[in-house]
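When a ligand or atom number is given, it counts from 1 through the structure's own listing order. We number each residue from 1, following the sequence as shown.
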Amino acid sequence: MAKRVYIKTYGCQMNVYDSARMAELLAPLGFTVTQTAKDADLVILNTCHIRERAAEKVYSELGKIRRMKAAKAGRGGRMIVAVAGCVAQAEGTEMMRRAACVDLVFGPQSYHRLPKLIARALRADGDRVLDTSFPVEPKFDFLPETTGPRDVATFLTVQEGCDKFCSFCVVPYTRGAEYSRPVIQVVAEARRLVRGGAREITLLGQNVNSYHGEGPDGREWRLGELIRKLAELAGLDRIRYTTSHPRDVDDELIAAHRDVPQLMPFLHLPMQSGSDHILAAMNRRHTVADYRRIVERLRSARSDLALSTDLIVGHPGESDLDHRATLDLVDEVCFAQAFSFKYSPRPGTPAASAPCQIPDDVKTQRLGELQLLLANQRRNFNAACIGRTLPVLLEKPGRHEGQLIGRSPYLQSVHVTAAAERVGEIVPALITAASANSLSASLAEVVRA
Ligand code: SAM
Ligand code: SF4
């Protein structure tokens with residue numbers, strides 16, 4: 001009998017990618033994806049541990065799931081509840097203890113074992129299963145080679161884990177050591193995605209530009225070389241990558257921005273702070289001068305490059321002067337988009353036990369100031385697009401009848417009036433209006449069908 005799986009995804013695009021792979025692993029077992037937890041036979045919460053209250057959010061969701069599970073049992077049914085992802089990795093044992101409704105806990109590196117884990121959890125004797133190991137076998141070797149229709153803009157994980165150990169970050173503890181997939185495996189997956197209808201692929205990694213996968217020639221290939229190889233795929237019109245680390249921007253990557261037209265002129269390059277003192281305390285391994293130099297080099301290679309970034313305010317030890325330096329660097333570099341956060345202590349990370357924690361009201365005030373500046377930059381960037389004709393990849397229907405939503409090269413959402421069957425086309429769109437979060441456009445003629 002057909003079974004239903006409900007997957008709720010928290011956090012980053014890597015989790016979105018992982019959730020899609022989990023659905024593919026479960027399909028041969030007869031599971032189809034459902035959008036509601038209520039009648040699901042299997043519920044998976046794919047969690048994120050990056051910022052504040054991550055675990056509390058999961059426990060609160062589990063409270064609701066527990067009631068649904070009990071109601072289903074009352075109707076004679078059974079619901080398996082699984083927690084996956086980084087909260088599962090970090091707090092698996094505690095979670096098993098605190099949430100009796102949870103049958104299965106597994107970390108980001110063991111989800112390729114899902115069919116076996118589910119089979120154990122489904123046994124009538126009701127085994128509860130915890131798998132938060134870092135297996136020696138790379139999970140990518142065990143994921144199914146799926147075919148079939150794909151979103152026109154989709155993701156492909158090429159690198160996982162992190163060896164950098166920034167003071168504030170849990171990723172090295174939850175995702176484990178750095179691993180890069182071999183070039184042949186990445187190209188094969190990209191080819192399948194394109195065959196399934198993808199025209200844009202975003203290469204994913206916690207530290208995507210530290211990519212050093214084995215090439216077909218036996219050498220280690222860096223990200224720039226991988227991008228050139230992927231650009232040879234007919235039908236792959238747009239390539240992006242995220243999240244990159246300033247320290248790993250090398251000559252080859254900069255040259256790819258210069259030479260590869262499919263590589264979109266938009267780069268997410270986390271800055272975190274504009275103060276050398278705080279960058280050192282964060283163990284970021286680059287200085288403000290390094291960041292400035294990298295941006296200059298990238299902009300000389302590709303003059304229309306727009307940047308986005310991540311920023312943290314209130315890292316332990318951050319003074320008013322450090323904060324001022326961040327505002328100044330943001331002002332100087334100028335971002336088209338940005339994500340900014342109050343520092344949140346993550347258990348087990350060095351910054352969590354550092355002296356000189358910053359009071360919450362100071363963090364709030366600094367974040368407000370920073371976000372005001374970033375919002376202005378974003379508005380100005382969007383407004384400057386009015387009157388330009390940009391190539392827009394039409395991705396999906398909009399909220400209004402006859403409307404489609406697409407993306408500009410700079411990852412802006414663009415609303416256009418166009419027929420539904422044009423999803424998947426890249427069209428020239430004349431930008432007619434801009435708001436803080438999106439653009440409106442009217443269509444010119446079709447560039448490519
Ligand atoms: N690898 C990327 C890099 O090196 O910049 C960052 C990946 S992290 C998953 C995404 C963003 O979350 C970070 O860039 C940082 O700004 C934010 N972040 C991570 N830990 C945080 C913490 N403890 N408090 C606040 N923000 C945090
Ligand atoms: Fe976390 Fe990125 Fe630093 Fe790695 S490089 S520890 S993922 S912030």
Ligand 2 versus F168, non-hydrogen atoms closer than 4.0 Å: side chain, backbone, both, neither? side chain
Can you check whether V5 reaches I44 side chain to side chain, under 4.5 Å on heavy atoms? yes
Could you check which of V170, I312, V171, T349 puts a non-hydrogen atom nearest to atom 26 (N) of ligand 1? I312
Suppose I only count heavy atoms of R284 and a 4.0 Å limit; which atoms of ligand 1 are within that range? 3 (C), 4 (O), 5 (O)
Which of the numbered atoms in ligand 2 are under 4.0 angstrom from any heavy atom belonging to F165? 6 (S)
Within the 4.0 Å heavy-atom shell around K342, which atoms of ligand 1 are there? 24 (N), 25 (C)
Under 6.0 Å from the CZ atom of R247, do we count more than 12 heavy atoms belonging to anything else shown? no
Closest protein heavy atom (residue, atom, distance) for atom 9 (C) of ligand 1: I50 CD1, 3.3 Å
Show me which atoms of ligand 1 lie under 4.0 Å from any heavy atom of R346. 23 (N)
If you count every heavy atom of other residues, nucleotides or ligands that lies below 6.0 Å from K38 atom NZ, does the total exceed 12? no
Assess K164 for proximity to ligand 1: is some non-hydrogen atom of it under 4.0 Å away? no
Around atom NZ of K229, are there more than 12 heavy atoms of other residues, nucleotides or ligands at under 6.0 Å? no
In terms of residue, atom name and distance, what is the protein heavy atom nearest to atom 22 (C) of ligand 1? S344 O, 3.6 Å
Which atoms of ligand 2 are found less than 4.0 Å from any heavy atom of P172? 6 (S)
Charged N to carboxylate O below 4.0 Å: is that the case for R293 and E296? no
Does the ring of Y211 carry R222 above it, NZ/CZ under 6.0 angstrom from centre and within 45° of its axis? no
Students should be able to answer this: which protein heavy-atom is nearest to atom 1 (N) of ligand 1, and at what distance? Q206 O, 2.7 Å
What do you reckon, is CD of Q35 surrounded by more than 12 foreign heavy atoms closer than 6.0 Å? no
Which protein heavy atom lies closest to atom 10 (C) of ligand 1, and at what distance to 0.1 Å? D310 OD2, 3.7 Å
List every atom of ligand 1 that sits less than 4.0 Å from any heavy atom of H245, numbering the atoms from 1 in the order shown and giving each element. 4 (O)
Closer than 2.8 Å to atom 4 (Fe) of ligand 2: does that hold for any N, O or S atom in C162? yes
Around atom 20 (N) of ligand 1, find the nearest protein heavy atom and jot down its residue, atom name and distance. F168 CD1, 3.3 Å
State, yes or no, whether a side-chain contact exists between D310 and Q272 at a heavy-atom distance under 4.5 Å. yes
Atom 5 (S) of ligand 2: closest protein heavy atom, distance to 0.1 Å, is N207 ND2, 3.1 Å
Tell me yes or no: between the side chains of S19 and N46, is some donor less than 3.5 Å from an acceptor? yes
Of the protein's non-hydrogen atoms, which lies at the shortest distance from atom 17 (C) of ligand 1, and what is that distance? R51 NH1, 3.4 Å
Can you tell me which portion of P270 lies within the under-4.0 Å heavy-atom range of ligand 2? Options are side chain, backbone, both, or neither. neither
Hey, which of R120, R128, K69, R66 is the one that makes salt bridge (Lys or Arg N to Asp or Glu O under 4.0 Å) with D103? K69
With no hydrogens and no angle check, just 3.5 Å: does a side-chain donor-acceptor pair link Y111 and D18? yes
Nearest-contact summary for atom 6 (S) of ligand 2 - protein heavy atom, Å: C166 N, 3.3 Å
Looking only at protein heavy atoms, what sits closest to atom 2 (C) of ligand 1 is T243 CG2, 3.5 Å
Under a 4.0 angstrom heavy-atom cut-off, which atoms of ligand 2 come close to H245? 5 (S)
Side-chain touch E160/F140, heavy atoms, less than 4.5 angstrom: yes
How about H245 and S210: do any of their side-chain heavy atoms sit closer than 4.5 Å? no
Using 4.0 Å as the upper bound for N to carboxylate O, is an ion pair formed by D248 and K164? yes
May I ask whether R175 has any heavy atom positioned less than 4.0 angstrom from an atom of ligand 2? no
Starting from atom 16 (O) of ligand 1, what is the nearest protein heavy atom, named by residue and atom, and what distance separates them? Q272 OE1, 2.9 Å
Considering only the protein, which heavy-atom contact is closest to atom 1 (Fe) of ligand 2, and what is its distance? C169 SG, 2.3 Å
